[in-house]
Structure formats: C-alpha cells, structure tokens
Amino acid sequence: MEDYALKAVEQLTTRPAEPYDTFTLTPITPVLGAEITGLDLSQELTPQQENELTHAFRAYHVLVFRDQDLTPEEHKRFAGVFGALHPVALAPEGSDPHILDIKATKESKQVAGNGWHSDGTADAEPSLGSMLYLTTIPEGGSGGDTLFANMHLALDLLSPALRGFLETLTAVHDGALPWTAAGQTPPPEYDVPRTEHPVVVRHPENGRPLLFVNAPYTSHIPQLSRAESDALLEMLYAHIARTPLLHCRVRWQERTLVFWDNRSVQHHAVWDYYPHTREGRRVAIDGTALHA
Ligand code: SIN
C-alpha cells in the first residue's frame, strides 16, 4: 500500500476508544460501523444518550441496534432525533408519507438497493442518513446482508494527484437516472430532483472530506467530455466496489435497526435469498447542502 493510504488507515485503526457512558459500542471493522448495545429505542432517549449517539454516528457512520421492538411511530421518533424526516417520493395513497416499505418476495423481479449507492443524492440537500428496521429476514436466517463502504477512506486511498484533480470537479446527480436505466420514464407527478454537487465534499457535521459520486444517480462530470466522465466515474465505482478494506457487512436479524450516513457511506443490499421474503421499514432524514 502507498504511504498516503497506510497513513489514512492508521488514523482510523489507532484512534482512541471513545468513552461512551450510556451504551456499549463495538466496532464492526477498524474502519467502519459499530454495534450499539444497552439502548431501548422504543423509549425516548436522554440528552446524554442523544449526544453520545450523534458522536458515534459521526465517527463510525453505520450504527447497528439489535433486538429492538419498534412501532412505526417509535421508529420515526428515533429518526427525528437526528433531523426532519424526509418524505417518501411517490408514496402510495393512504401510506405513511415518511415510511418506505422495503419488501422482496418470490414475486420480486428486482429489489431496492441491490447495487452500490447512497439514498437521495440528487436532492439539493442530500439525505443525512437512513434508518432501516427489518421485521422479516430470509427463511433460514442467512442472506440479505447489507454492505457498506466508507467514502472518506475511499477518497483517502486515492493518490494525491488524482485527488487534487477530483477536487476541481463537480458531478450532476439526476433522480431520473434510475428510471431511465430501467427503461422507464418518471411519472409526471414526480418532481424529479437534479443537482450538481462537488465530486469531493466536506461532511457537514464531521468536517472530513469524502468522495460523493454514486452509480445510480450520478449522470456525468460536466467539466469533462462524456467519454472522459464515463471512464473516470467507472474507475471510481470500481475502486469503491473492489476495495474490501472500505467495507463492512451487516448481517440482519429480525428486529435489527441500522442507521447509516448517506454522505459518509454507500450501501449495497445483497439479493442472495430469492425466493425468500425480506421485509422492513425505512425512514430517511433530511440533510443539508454539500460544499467542497
Ligand atoms: C436501501 O437501499 O435503502 C435498502 C437497503 C437494504 O435493503 O438493506
């Protein structure tokens, strides 16, 4: 590994363990994710619990909570601790406007999130994070894991020369892209979000730079020719997908809630359990505009 990459990894692996008083935190890997025990999310949290969770979220980016009995209202209340709830686009008539049902069955031909991406990056104020609570996991108890990749470290592992170039660029994120990729057009009632963000942004809360492009939503880099833009984006996506050092993998149990940061990480929901059913509820939290 190059010296700059070793240094980036070392910064994460040698960080001092944080003293959390209100829960126990166990890292998933040295570079990403943590399991939190000792909290009942169906209860209102104390200010100290909220502060410590916010701190852990900024440091570990993916927080996993096991054995939680949560109603949809309790799920939303917990998400609301971190920001305003983001409305579900094209929510079905009569459904909760802030809860997205995540469901795959033997009738499914595709599932949500089966590829590296972040939620809501085409929005002018991209999502702070998402909270997914699974109520049904695939029969047999394995399958349906979610992978996460650390976008701060993805940037840090690139050479200073490439990183310097990326810092001069922006990228267009287009909410219509997932529709056109599936051979469809967005319905007329969908106010399609489309935003140009810097390719390297500074995280609004932890202050660390990160790589902010993702395959389903990023259409192109306007400063480059289409061929150059496609080649550069493909190279970055391959770097994200093929560098296991960036990744952690969450194995679900029923009644697990996972809270991830849509700026600091990308995620990939693995569909390796067909024809079994996997089901849950996702709440997304509003973020703020992103700057270089
Ligand atoms: C998503 O992409 O938000 C869904 C993640 C998952 O089902 O694990």
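Note that ligands are numbered from 1 as they come in the structure, with each ligand's atoms numbered from 1 the same way. The analysis underlying the following values was restricted to heavy atoms, covering all of them including side chains, and did not include hydrogens, waters or symmetry mates. In this chain, numbering begins with 1 at the start of the sequence shown.
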**Study point:** Qualifying residue, where the test is side chain to side chain contact (heavy atoms under 4.5 Å, CB included) with Glu254 and the options are Thr136, Leu134, Thr135
**Key:** Thr136
Review point. Who passes ring pair (Phe, Tyr, Trp, His ring centres under 6.0 Å) against His61, sequence neighbours left out?
Key: His152
**Study point:** Amino acids contacting ligand 1, non-hydrogen cut-off under 4.0 Å
**Key:** Ile102, Gly113, His117, Asp119, Leu132, Thr146, Trp260, His267, Ala269, Arg278, Arg282
Point to revise | By side chain to side chain donor-acceptor pair (under 3.5 Å) - contacts of Gln11 (at least two apart) | key: none
Check your understanding: Do Glu74 and Arg77 meet the salt-bridge criterion of a basic N to acidic O distance under 4.0 Å?
Key -> no
**Study point:** salt_bridge(Asp101, Lys103) N-O dist < 4.0 Å
**Key:** no
Check your understanding: With sequence neighbours excluded, what pairs up with Phe82 under the ring pair (Phe, Tyr, Trp, His ring centres under 6.0 Å) test?
Key -> Phe78, Phe259
